[in-house]
Amino acid sequence: MSNNNVPRVAVGVLYSQEDRDTALSVTSAKETGHDFIILPITHSDYKRFLFDKVEDNKEKRLMEEWRNGKPFLKNDLIIQNNEHVDYLVGKISDWIDLDSSNHQVRTNSEIALNQQFSWAAHLGLTAIFVPTPTNSFLNYARSLNKILGNSTYTHIWMRIPIINEDTPYSNDIEMWEKWNKFRTFCENHHKLSIALELSVNLPDDVYLERWFAEPIKAVILPTKIFLTNVKGYPVLSKKHQGFVKKLMKYKPSFVVFDDMTSKHQDVGFAAYQEYVRHINRTMPEPNQIEQFGNGYQDFLQSPLQPLMDNLESSTYEIFEKDPVKYALYEKAVYYALLDRVALESNEITVIMVVGAGRGPLVTRSIKAAEKANRKVRIYAVEKNPNAFVILQNMKSEVWGDKVTIVFGDMRKWKAPEKADILVSELLGSFGDNELSPECLDGAQKYLKPDGISIPSSYRTFISPLSSSKLYNEVSAYKDLVHFETPYVVMFQSVTELAKPQEIWQFEHPNGSFVIDEEENPVNNYHNTRYSKVTFNITNSGILHGIAGYFESVLYKDVTMSILPATHSEGMFSWFPIFFPLKVPIYITSNSTLNIYFWRLTSSKKVWYEWCVDASLTVGSETKSYGSSNIQNVGGRSSWIGL
Ligand SMILES: C[S@@+](CC[C@H](N)C(=O)[O-])C[C@H]1O[C@@H](n2cnc3c(N)ncnc32)[C@H](O)[C@@H]1O
């Protein structure tokens with residue numbers, strides 16, 4: 001079945017023959033339905049400048065003139081002008097050898113690299129395709145890093161074969177390790193991306209998944225990886241299809257690489273790109289969460305502070321579109337009402353919705369009471385004056401006398417009676433990060449001693465996360481504050497290095513604190529937390545930060561979760577939270593990673609601090625090899641106002 005909602009995928013072509021005529025190549029690439037072509041910038045003859053042994057004086061002079069910056073000869077260039085510039089990706093010559101042991105070859109390679117880049121940038125090519133790093137690549141990394149530093153808008157696509165096919169299987173990890181080292185040498189530059197080249201045999205899923213955390217801008221499909229269907233057309237194996245579909249979510253460009261092994265000449269070269277487009281068209285429809293989150297993937301958002309700030313109308317409107325959250329709350333209130341009073345009793349149950357916003361939980365509480373056939377009296381408490389205007393409208397137009405609306409801070413309100421059920425939704429992606437514990441500590445004084453809080457508890461979970469994309473987004477701010485701030489993010493280009501684990505929980509009502517004469521807590525120390533969790537890291541990876549999630553019990557077995565394993569299906573009110581690390585840490589396979597987290601408080605604010613420590617055990621000896629500093633000390637960079 002075809003899905004018309006998926007955006008068109010860009011499919012380009014790369015030919016193996018080097019010396020092509022640009023105009024002819026562009027025409028044939030267009031005729032075969034491609035969106036772009038990767039073309040060598042220079043002719044193979046240009047390689048003459050690499051030769052270390054120049055015999056006669058004339059040649060020596062020519063070489064030195066070239067080294068001193070003499071322009072290209074017209075015939076040295078394949079891409080000779082900017083006529084097709086929007087259709088081209090420039091390819092740097094494969095034969096440059098920046099790590100040659102020969103001084104002349106090494107030096108001339110760098111000159112050739114710079115000259116090709118400079119020409120490509122001058123023409124305005126937006127992407128440059130560069131060769132795969134060989135076994136030693138430090139000088140290549142240094143040279144490219146220098147270019148990256150000067151590049152204004154040209155992106156680099158580095159050709160990375162997923163497997164080194166000369167030594168398949170044993171080297172599944174090797175290419176990732178090589179890439180990882182290279183980009184580390186290049187300071188994780190955001191313009192350095194991968195053109196991932198698929199192989200006939202793909203490695204195991206754990207090795208495939210690690211690429212999802214990497215900046216893949218292009219995926220190369222050599223013609224040799226295609227099989228043939230009954231009609232003679234090229235198709236991919238199930239495993240390749242599955243991987244390609246996953247990669248499509250990241251919206252890379254695809255490149256058909258004509259490796260001269262085509263078994264499908266009868267059906268024409270266009271068949272490869274048509275097949276890639278066919279896979280794209282038959283991608284499943286995005287689910288509700290994907291539709292809602294479209295455009296937000298990997299986008300850093302500041303967590304809301306609904307206590308300190310007044311939320312905007314559009315924010316409430318987004319909450320209210322969630323098809324699942326309110327249904328879960330209605331279910332929880334329904335079961336709480338059933339448990340609270342017997343059907344035959346005429347008793348009125350008092351429900352207080354605290355932090356009512358524009359009233360959706362009030363409406364759902366009324367619905368739950370109707371379903372349960374119970375009588376209720378409802379109070380709606382809200383401190384946002386703008387949302388309170390909507391509550392007034394709702395009361396006069398919809399709810400009537402059944403609901404009393406109260407403007408003010410739930411912690412200070414003097415309620416005229418006590419509640420049987422206290423309903424609130426003050427949760428953030430990290431559970432307690434919108435200060436639900438502090439607000440409900442203040443509100444529970446008007447809950448009957450045997451009253452019910454919905455939610456009754458929430459637990460916070462963390463996991464170690466690899467994502468060069470998110471790391472680059474944070475580091476683009478170039479300051480400490482952004483590295484010590486959590487972000488709400490719809491994860492896409494990420495890999496979890498281990499499954500999430502719980503760090504702490506909160507329960508309501510909470511009988512564990514001392515109250516003053518106003519029945520408020522005398523301080524907030526009972527809401528501080530400290531936790532250390534240990535993760536066993538099986539496969540190596542780069543730790544860029546920590547992912548956070550919550551799971552909440554609304555009432556008995558009615559639960560609400562954003563934890564991947566138990567996520568409430570179709571609920572999109574919360575994306576996970578991301579706590580970055582200032583310096584990424586390379587975690588070797590079979591390491592132990594300890595993550596330390598604190599929830600801390602003063603009289604005015606609450607904040608989190610976090611740090612990590614990686615160690616490796618060999619025999620009976622455990623050695624720590626990588627740790628972060630403690631981030632956000634004293635809430636110096638990020639905090640939540642009380
Ligand atoms: C996350 S919103 C939820 C709103 C609404 N219940 C819903 O589900 O759409 C939290 C609401 O609680 C309100 N709020 C937060 N702290 C409060 C406090 N201490 N007293 C009263 N309202 C508060 C905020 O203004 C906001 O409207």
Side-chain angles (χ1 to χ4, degrees), residues 132 158 160-184 188 193-216 219-221 225 236-250 252 297-298 461-471 491-501 533-547 549 563-567 576 578 581 584-595 612 614-618 625-626:
T132 311
M158 177 167 274
I160 303 286
I162 201 159
I163 281 183
N164 181 349
E165 294 220 284
D166 302 332
T167 47
Y169 299 119
S170 59
N171 280 356
D172 289 355
I173 317 168
E174 191 215 66
M175 282 317 300
W176 180 83
E177 300 279 355
K178 196 178 267 184
W179 153 253
N180 179 46
K181 265 198 190 151
F182 198 103
R183 59 98 178 274
T184 306
N188 295 296
S193 316
I194 297 176
L196 189 66
E197 181 162 358
L198 304 199
S199 46
V200 174
N201 296 305
L202 288 179
D204 291 347
D205 286 351
V206 282
Y207 296 116
L208 292 179
E209 271 164 29
R210 72 167 68 201
W211 293 102
F212 299 141
E214 302 298 344
I216 297 177
V219 176
I220 305 173
L221 306 170
I225 70 169
L236 290 173
S237 76
K238 282 265 168 310
K239 183 159 182 166
H240 284 80
Q241 273 182 50
F243 187 48
V244 163
K245 281 185 177 172
K246 284 185 183 165
L247 287 167
M248 278 178 173
K249 292 197 170 168
Y250 300 84
Q297 290 96 340
D298 297 326
F461 294 77
I462 58 166
S463 62
L465 200 74
S466 181
S467 174
S468 55
K469 175 94 187 283
L470 294 184
Y471 180 79
F491 290 153
Q492 181 165 276
S493 305
V494 305
T495 305
E496 255 180 1
L497 298 178
K499 293 280 164 247
Q501 293 189 46
V533 269
T534 301
F535 295 91
N536 295 319
I537 309 291
T538 324
N539 298 310
S540 58
I542 303 284
L543 180 66
H544 292 105
I546 300 154
Y549 310 92
L563 193 64
T566 56
H567 200 289
F578 173 64
L581 285 186
I585 300 176
Y586 175 81
I587 312 287
T588 62
S589 50
N590 303 319
S591 289
T592 301
L593 178 70
N594 288 322
I595 303 188
V612 305
S615 58
L616 200 59
T617 304
V618 181
Y625 65 84

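Here the CG atom belonging to L470 is positioned 6.5 Å from the CG atom belonging to L465, to the nearest 0.5 angstrom. Between the CD atom in Q241 and the NZ atom in K246 there is a gap of 13.0 Å [rounded to 0.5 Å]. The distance from atom CD1 of I537 to atom CG of L543, rounded to the nearest 0.5 Å, is 7.5 Å. Considering CE of M158 and CH2 of W179, their distance stands at 7.0 Å, rounded to 0.5 Å. For the atom pair OG (S237) and CG (L202), the distance works out to 6.5 Å, reported to the nearest 0.5 Å. With rounding to the nearest 0.5 angstrom, the CG atom of L198 is 8.5 Å from the CD1 atom of I220.
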Notebook entry, point to check: Where do S493 and Y250 land on the side-chain contact (heavy atoms from CB on, under 4.5 Å) test, with the steps shown first?
Noted result: CA-CA 7 Å; S493 305; Y250 300 84; 3.5 Å; yes
Next item on the list: Just do the side-chain contact (heavy atoms from CB on, under 4.5 Å) check on I585 and V612 with the steps written out, would you?
Entry: CA-CA 9 Å; I585 300 176; V612 305; 3.6 Å; yes
Item checked: side-chain contact (heavy atoms from CB on, under 4.5 Å) between I587 and I542, worked out -> CA-CA 6 Å; I587 312 287; I542 303 284; over 6 Å; no
Next item on the list: Determine, step by step, whether S468 and N188 satisfy the side chain to side chain donor-acceptor pair (under 3.5 Å) criterion, reporting the C-alpha distance in whole Å, the side-chain angles of both residues, the deciding distance to 0.1 Å, and the verdict.
Entry: CA-CA 8 Å; S468 55; N188 295 296; over 6 Å; no
Margin query: Would W211 and L196 count as a side-chain contact (heavy atoms from CB on, under 4.5 Å) here? Give the steps.
Written below: CA-CA 9 Å; W211 293 102; L196 189 66; 3.9 Å; yes
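At a cut-off of 3.5 Å, with distance as the only test, a side-chain donor of E496 or S463 sits close to an acceptor on the other residue. Judged purely by distance below 3.5 Å, without hydrogens or angles, the side chains of S589 and N539 never pair a donor atom with an acceptor atom.
Judged purely by atom type and a 3.5 angstrom limit, S466 has no side-chain atom pairing as donor or acceptor with the backbone of R210. Side chain of D298 to main chain of Q492: a donor-acceptor pair is present (N/O by atom type, distance under 3.5 Å, no hydrogens or angles). Between the side chain of S591 and the backbone N or O of L593 there is no donor-acceptor pair closer than 3.5 Å. With Q501 contributing its side chain and I462 its backbone, the two residues share no donor-acceptor pair below 3.5 Å. Between the H544 side chain and the V494 main chain, no donor and acceptor come within less than 3.5 Å of each other. Remark: the backbone N or O of K181 is not paired with any side-chain donor or acceptor of Y586 at under 3.5 angstrom.
Using the six-membered ring where Trp is involved, F578 and F491 have ring planes that are perpendicular, over 60° apart on the 30 and 60° scheme.
Within the 4.5 Å cutoff, no side-chain heavy atoms of L236 are placed close to those of F243. The shortest distance between side-chain heavy atoms of I160 and I216 does not fall below 4.5 Å. At least one side-chain heavy atom of T588 sits under 4.5 Å from a side-chain heavy atom of L616. Residues F461 and L563 form a side-chain contact, since some pair of their non-hydrogen atoms from C-beta on lies under 4.5 Å apart. Here the side chains of I162 and L208 are in contact, with some heavy-atom distance below 4.5 Å. Taking 4.5 Å as the limit, every side-chain heavy atom of P584 sits out of range of all side-chain heavy atoms of L581.
Residue K239 qualifies as enclosed at atom NZ: its count of foreign heavy atoms under 6.0 Å is above 12.
With respect to the salt-bridge test (charged N to carboxylate O, under 4.0 angstrom), the residues E214 and R183 qualify.
For the salt bridge (charged side-chain N to carboxylate O under 4.0 Å, His left out) test, residues two or more places apart in sequence or in another chain that qualify with E197 are R159. For K245, there are no salt bridge (charged side-chain N to carboxylate O under 4.0 Å, His left out) partners at least two apart in sequence or on another chain.
Across I225 and V200, no two heavy atoms sit closer than the pair CG2-N, 3.6 Å. Shown here for G541 and W176, the closest heavy-atom pair between the two residues is CA-CH2, 3.5 Å. For the pair A498 and F535, the tightest heavy-atom approach, listed with the atom from each and the gap, is CB-CD2, 3.7 Å. Of all the heavy atoms in P161 and M175, the pair that sits closest is O-CG, 3.0 Å.
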